[in-house]
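Comments concern the structure below.
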Amino acid sequence: MMKRFLFIIGVFFFFSLLAVLWYFHLIPQKYYFNEDFGIIDYHSNSDADQDGIDDQMDLLLGARHYVETKPKYQSKYYKNGYPDDEYGVCTDVVGFAFLAAGYDLQKLVSEDIHKYPHLYSISTIDDAIDFRRVRNLFVFLKRHATMLTTNIFEIEEWQGGDIVVFPNHIAIISDRRNRKGISYIIHHGGQPVYEEDSLARYEILGHFRWK
């Protein structure tokens with residue numbers, strides 16, 4: 001009787017462990033790309049840094065390159081704005097993606113806030129941190145980027161390099177997709193895997209494409 005009980009407990013913990021590993025994408029999963037669903041890759045007409053790679057692809061590659069450094073999650077203040085150590089938060093994925101494409105997001109957001117502080121509901125402006133806040137990026141993107149669908153099942157409308165905003169979180173859309181065609185996201189929220197199939201886990205406030 002005891003052996004049977006221990007066996008059942010062992011099986012329970014084994015499958016529980018598998019479920020946890022699967023949830024956090026620590027078990028390798030097959031992913032797909034646009035071509036698997038007959039979707040044409042979107043390419044921007046702009047190449048701000050003139051590196052021969054369009055802005056849309058630069059944003060995607062820049063986000064991926066940043067998370068490949070495996071930044072640790074911690075919210076810190078940097079007087080020069082961008083993190084210069086091994087730490088970072090979700091907005092830094094977007095910030096460094098923009099830098100890779102030839103855009104200084106700190107400068108762009110700061111200029112907009114100084115011109116229209118009332119739109120950002122900011123009483124005290126701080127150029128070193130304001131561009132690293134999700135709520136400010138949400139306002140900025142609504143003003144300066146193209147707003148797209150928030151329906152994740154309209155899979156052809158989601159492209160690698162797009163930006164998605166959630167409540168208190170932000171991410172770059174990956175060019176990888178799950179078997180249903182739903183896009184992966186590249187983000188940093190302290191999770192063990194930075195590029196994962198988790199778009200459906202969040203409430204989506206906005207989906208944008210830089211123009």
Shortest non-hydrogen contact between R179 and Y32, atoms and distance: CA-CE1, 3.3 Å
Contact summary for A100 and G62, nearest pair of heavy atoms: CB-CA, 3.5 Å
Same cluster (ILVMFWY, side-chain, under 4.5 Å), L60 and V93: yes
Heavy atoms from other residues, nucleotides or ligands near OH of Y42 exceed 12 (cutoff 6.0 Å): yes
ILVMFWY network linking I173 to F138, side-chain heavy atoms under 4.5 angstrom: no
Short side-chain to backbone donor-acceptor contact, R64 and A97, under 3.5 Å: no
H207 (side chain) donor-acceptor with T150 (main chain) under 3.5 angstrom: no
Cation-pi, Y116 ring and R143 (6.0 angstrom, 45 degrees): yes
Main-chain N/O of R132 paired with T91 side-chain donor or acceptor, under 3.5 Å: yes
Whether N178 side chain and G181 backbone form a donor-acceptor pair below 3.5 Å: yes
Where Y77 and A128 come nearest, the two heavy atoms and their spacing: OH-CB, 3.4 Å
Among D41, D47, N45, D162, the one residue meeting side chain to side chain donor-acceptor pair (under 3.5 Å) with Q56: D162
is_close_aromatic(H187, Y194), centroid dist under 6.0 Å: no
Taking every non-hydrogen atom, the tightest pair across R176 and F33: CG-CE2, 3.9 Å
R135 to Y120 six-membered ring, cation-pi geometry met (6.0 Å, 45°): no
Point-to-point distance, once rounded to the nearest 0.5 Å, from CD1 of I163 to CG of L59: 6.0 Å
Main-chain N/O of S110 paired to D130 side chain as donor or acceptor, under 3.5 Å: no
Passing option when D127 is tested against H114, Q106, K107 for side chain to side chain donor-acceptor pair (under 3.5 Å): H114
Side-chain H-bond candidate by donor/acceptor type, D92 with Y87, under 3.5 Å: no
By side-chain hydrogen bond (donor to acceptor under 3.5 Å, both in side chains) - contacts of Y82 (at least two apart): D104
Separation of D126 CG from I113 CD1 (nearest 0.5 Å): 9.5 Å
Passing candidate, side chain to side chain donor-acceptor pair (under 3.5 Å) with R177, options N34, D197, D36: N34
NZ/K180: more than 12 non-hydrogen atoms of other groups inside 6.0 Å: no
I152 CD1 to L199 CG distance, which is reported to the nearest 0.5 Å: 5.0 Å
